[in-house]
Amino acid sequence: MNTALNQKTNAPVVRQYEIGGVRYIVRATVKDGATENAVTKINRLIQNDLSKQRAEN
């Protein structure tokens, strides 16, 4: 029964976006033991990309 509860709480979030006439279906899940949320991760990825661009110039 515990497994069923875990599956229920970790159900994926499905969203649909249309960008430039292309439809994207995005499914997001949360990994057990994750240490950062989506906002923190996106900020980190952007900062890493900016750092790489600065290093190249």
Side-chain angles (χ1 to χ4, degrees):
M1 185 78 174
N2 194 11
T3 303
L5 289 174
N6 285 342
Q7 289 175 350
K8 202 172 204 179
T9 58
N10 292 333
V13 174
V14 179
R15 300 271 169 103
Q16 180 174 304
Y17 300 95
E18 191 163 331
I19 303 171
V22 177
R23 182 176 298 158
Y24 298 92
I25 299 173
V26 179
R27 183 179 2 168
T29 58
V30 177
K31 182 178 178 181
D32 288 339
T35 59
E36 61 185 354
N37 62 28
V39 173
T40 305
K41 182 169 186 169
I42 296 298
N43 283 334
R44 179 176 52 80
L45 292 171
I46 291 170
Q47 291 299 322
N48 288 346
D49 283 347
L50 291 173
S51 295
K52 287 178 188 176
Q53 287 178 1
R54 288 183 195 131
E56 290 175 359
N57 293 331

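What you are looking at is a predicted structure, and each value in this text was computed from that prediction instead of being measured.
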* Say you draw a straight line from OH of Tyr24 to CD of Glu18; how long is it, rounded to the nearest 0.5 Å? -> 10.0 Å

Let me have the donor-acceptor pairs involving side chains of residues 33-41, under 3.5 Å, with sequence neighbours excluded, atom names and distances please.
residue : atom : partner : partner atom : Å
Glu36   : OE1  : Arg44   : NE           : 3.4
Glu36   : OE2  : Arg44   : NE           : 3.3
Glu36   : OE2  : Arg44   : NH2          : 2.7
Asn37   : OD1  : Val39   : N            : 3.2
Asn37   : OD1  : Thr40   : N            : 2.8
Asn37   : OD1  : Thr40   : OG1          : 2.8

* Answer with yes or no whether the hydrophobic clustering places Leu50 together with Ile42; edges join I, L, V, M, F, W, Y residues whose side-chain heavy atoms lie under 4.5 Å apart. => yes

* To do: Taking the side chain as every heavy atom from C-beta outward, state whether Ile25 and Val14 have any atom pair closer than 4.5 Å.
  => yes

